[in-house]
Amino acid sequence: MTHANFEALMASSYAQNFPQGLEMIRQGDPADFLHIVLEGSVELFGRWGGRECTMAVVRPVSTFILAASIRDAPYLMSARTLERARIILVPSSDLRAMFRRDTEFSVSVINELASCYRAVVRNAKTLKLRNSRERVASYLLRQSLLAGGVASYILQVEKRLLASYLGMTPENLSRTLKALESDGLKMDGARVIIRDSAKLTALAQPDKLIDGPDVGGNENGAGLPVTGI
């Protein structure tokens, strides 16, 4: 976007610090602000029938929930901080006005929405087409590849969040991780150790139409965050 339009949009926006464990927005509420994560991490989750599921974990620098802000529609997900976070809040009404005014900004917004949509489709395909062992294996293998093909790394999210994201209970995830030892995987607390990449790959069967990534795509905020080595 042009510098002048950026300054105009930021003039009505403000940064705010949020403590750990704070529920910032609730599903069903009007989307008054677009949120941009500068520091910390935020869990996006859904509720229904007394149950919860993790939809994504957002890390810097990324936005949530853009689609609701653009459409002036209720939030489909709730959000809470996983750690202390610093977030910019952009009024949705100003965002929509700028979307109509600045062509390059509009193209960027559309690209971001398209990237998020494709990430949701990929996740749906994983949940529907892969069994629990294949889902866990493909996720852990992809994190290894994103970290540069390392054989050992630390998960940046709690296992309960990973289980929810993969459509499993924490108990089922623990059993699955134990079962994957025969496929070349070992867990040491939060550390993932890939002992036999060929075996794990044979089980996961990586597929670009499921696992991605798109060429030049920005996957910040889609799914769970990349691991730390």
Please verify the inter-ring angle class for Tyr14 with Phe33; under 30° counts as parallel, over 60° as perpendicular, anything in between as tilted.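 Perpendicular: the ring planes of Tyr14 and Phe33 meet at over 60°.
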
Among Leu203, Ile193, Leu177, which one satisfies side chain to side chain contact (heavy atoms under 4.5 Å, CB included) with Leu185?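 Single pass found, and it is Leu177.
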
So how far is it from Thr81 OG1 to Arg86 CZ, rounded to the nearest 0.5 Å?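 Those atoms lie 14.5 Å apart.
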
Can you see whether Glu43 engages Thr54 through a side-chain donor-acceptor pair at a distance of less than 3.5 angstrom?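 Checked: Glu43/Thr54 side chains pair up, N/O donor to acceptor below 3.5 Å.
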
I'd like to know if the side chain of Thr169 pairs up with that of Asn172 as donor and acceptor (distance under 3.5 Å, no hydrogens or angles considered).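 Their side chains do not contain a donor-acceptor pair, so the 3.5 Å distance test is not met.
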
If hydrophobic clusters are built by linking Ile, Leu, Val, Met, Phe, Trp and Tyr wherever their side-chain heavy atoms come under 4.5 Å apart, do [X] and [Y] end up in the same one?
{"X": "Val136", "Y": "Val150", "result": "yes"}
{"X": "Val58", "Y": "Tyr117", "result": "no"}
{"X": "Met24", "Y": "Phe45", "result": "no"}

Applying salt bridge (charged side-chain N to carboxylate O under 4.0 Å, His left out) to Asp207 and Arg130, what does each step give before you reach the verdict? CA-CA 12 Å; Asp207 186 328; Arg130 285 172 167 154; over 6 Å; no

Might you confirm whether atom NZ of Lys125 has over 12 heavy atoms from other residues, nucleotides or ligands at distances under 6.0 Å?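 Yes.
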
Is Arg133 atom CZ crowded by more than 12 heavy atoms from other residues, nucleotides or ligands, each under 6.0 Å away?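 More than 12 within 6.0 Å, yes.
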
Heavy-atom closest contact (Thr63 atom, Glu112 atom, distance):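 Heavy atoms of Thr63 and Glu112 come nearest at OG1-OE2, 4.1 Å.
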
